[in-house]
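Notes follow once the structure below has been shown.
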There are 2 protein chains.
Amino acid sequence: MPGTPRVKAPQMAIRRLSMYYRTLAVLREQGVASVSSEHLSTLTGSTAAQVRRDLAYFGSFGRRGVGYDVESLQSHMRGILGIGEGWPMALVGVGNLGSALLAYDGFPRQGFRIVEAFDSDPRRVGTVIRDVVVKPMDQVRETVRERRIAMALLAVPAKAAQAVTEQLIDAGVRCLLNFAPISLKVPSHVYLASVDLSIEVEYLSYLLRESRAEDSASNDIRTDVTTMMPL
Amino acid sequence: MPGTPRVKAPQMAIRRLSMYYRTLAVLREQGVASVSSEHLSTLTGSTAAQVRRDLAYFGSFGRRGVGYDVESLQSHMRGILGIGEGWPMALVGVGNLGSALLAYDGFPRQGFRIVEAFDSDPRRVGTVIRDVVVKPMDQVRETVRERRIAMALLAVPAKAAQAVTEQLIDAGVRCLLNFAPISLKVPSHVYLASVDLSIEVEYLSYLLRESRAEDSASNDIRTDVTTMMPL
DNA sequence: AGGAGCTTGTGATATCTTTCACGTGGCAAA
DNA sequence: TTTGCCACGTGAAAGATATCACAAGCTCCT
């Protein structure tokens, strides 16, 4: 890998890499061979300086005066993000949201696959969704260990989330993506990210409310907003 | 409202308010009348200083030497976040994810309700989920205007997302929660938040990969991580 | 009433992140 | 080869956010 990562990359930079990666995939489909930081920034809603800085955290992938080679940059991003290593994932909680996650084709497209699903409800156990058989909770430990699953998606009710989390960690899971609206506690060797729909909606609600007060609207272009709570 | 917001609150502070709000709701159910910043911080995975600072952006709600009154603080948070104003929301895209969103009970519990749903697929139009009739896309404009819907959830394929966004904005929507894995462009008077599952999973994948390299694990307690990309 | 002990609210400070601005290397054309 | 232009990579500056640490205010007890 060219260049050395002098300092640790900010969490947000890593998230933006995902955006860059996807954008590069689109460019490649379109037959674009080379892209500048400027170009990439308009496509991802970032700034040129930010794109360059983000990439520079991991090495120097571009050529001065030219830009970045789309294919090579994409493959570097893939390597950095661990895409295509085919991480197998486990899903716990096969309710409405869990079922939707099982069916979500964005995961396999990026090389992540849900290979096991669990639920505590006996009526759901045994059902098959997208070739995955729903297993009872008491098989979590054995299955996760056996298949060496490191990542899990948590789509259970808030009340059950902490207990299930502990089960999963005990079984050897190292990464958790939590959808339950609750703040989970995990030991520091476990990575945790959360998608919290209520927080998103309430944040928008706040902005809406605030804007009613001041009401100052211009006509610029505002760009994408995602979300991250560090550490 | 007591106190004055001297400076604009960071976006992250607002997201944390949502956490505080939910935690307060739990405390109230448990009959807890008063809570300190210290206590609240352990429950939400923040720090005491951060809790105090976050709250101080909006006023002074506590009493020195005592703490915060759970009920009154909760009601202040509710006001700030605009919870309970009963914002009606529209959903576009009633696929797997869209259906799950319709069924998600976290929204109505916080006072947000999906009152209209739209889909471009004729096979889905007319179906009823949770008392909501799925309407065709060409009724977006009229319906959103008529019902004065300001918030919309976008659960359509990435390819369609930008076009649908523009339809919604044209119809008067001011806030969008986007689930499509794409960076949307919206005018600056429109608020946009995105939930991007691929980014979350790839972020975890990155951390996992990185940890394999250095492998330095201690036994502290790590706390919740959500996600936010500012402006 | 006075003092001990607790917890808030907040200046000041430290840390983290983004933006600026320019030196450097690279390409192309004359 | 030289000239002109382009776009990266990166120190340095600015800006944003989090943390520290303490004065101010409240309650209770004596």
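Note that this is a predicted model, so its numbers are computed, not measured.
Of the candidates C/dT18, D/dC20, D/dG9, the closest approach to any side-chain atom of B/A49 belongs to D/dC20. Among the nucleotides C/dC20, D/dC26, C/dG25, the one closest to the side chain of B/V66 is D/dC26. The side chain of A/Q50 sits closest to C/dT18 out of C/dT18, D/dT10, C/dT8. Checking D/dA18, C/dT18, C/dT8 against every side-chain atom of B/P10, the shortest atom distance belongs to D/dA18.
For B/E38 and C/dG9, the CD to P distance is 15 Å, given to the nearest whole Å. Between the CZ atom of B/F58 and the C1' atom of C/dG9 there is a distance of 15 Å, rounded to whole Å. B/R52 places its CZ atom 16 Å from the P atom of D/dG25, with the value rounded to the nearest Å. Following rounding to the nearest Å, B/K8 (NZ) and D/dA16 (P) show an atom-to-atom distance of 8 Å. Look at CE on A/M12: it is 7 Å from P on C/dT18, rounded to the nearest Å. Taking atom CD of residue B/Q11 and atom C1' of nucleotide C/dT17, one finds them 12 Å apart after rounding to whole Å. Protein atom CG of B/L40 is 9 Å distant from nucleotide atom P of C/dT8, rounded to whole Å. For A/R64 and C/dC27, the CZ to P distance is 12 Å, given to the nearest whole Å.
Nearest-nucleotide positions on DNA chain C for A/A13 and A/G65 put A/A13 closer to the 5' end. Comparing B/S37 and B/R53, the nucleotide of DNA chain C nearest to each residue sits closer to the 5' end for B/S37.
Side-chain polar atoms of A/E210 and A/Y206 form a donor-acceptor pair below 3.5 angstrom. With 3.5 Å as the limit, one finds no donor-acceptor pair spanning the side chains of B/T44 and B/R16. In this structure, a donor-acceptor pair under 3.5 Å is absent between the side chains of A/Y104 and B/N96. A donor atom on one side chain and an acceptor atom on the other are found under 3.5 Å apart for B/E202 and A/S18.
Side-chain N or O atoms of A/H39 include none that pairs as donor or acceptor with a backbone N or O of A/V35 at under 3.5 Å.
Within the 4.0 Å cut-off from OP1 or OP2 of D/dA7, not a single side-chain nitrogen or oxygen of A/S36 is found. Within the 4.0 Å cut-off from OP1 or OP2 of D/dA18, at least one side-chain nitrogen or oxygen of B/R16 is found. Contact between the side-chain N/O atoms of A/Y68 and the OP1/OP2 oxygens of C/dG26 is not found at any separation under 4.0 Å.
Within 4.0 Å of A/R63, counting heavy atoms only, lie sugar-phosphate atoms of the nucleic acid but no base atom.
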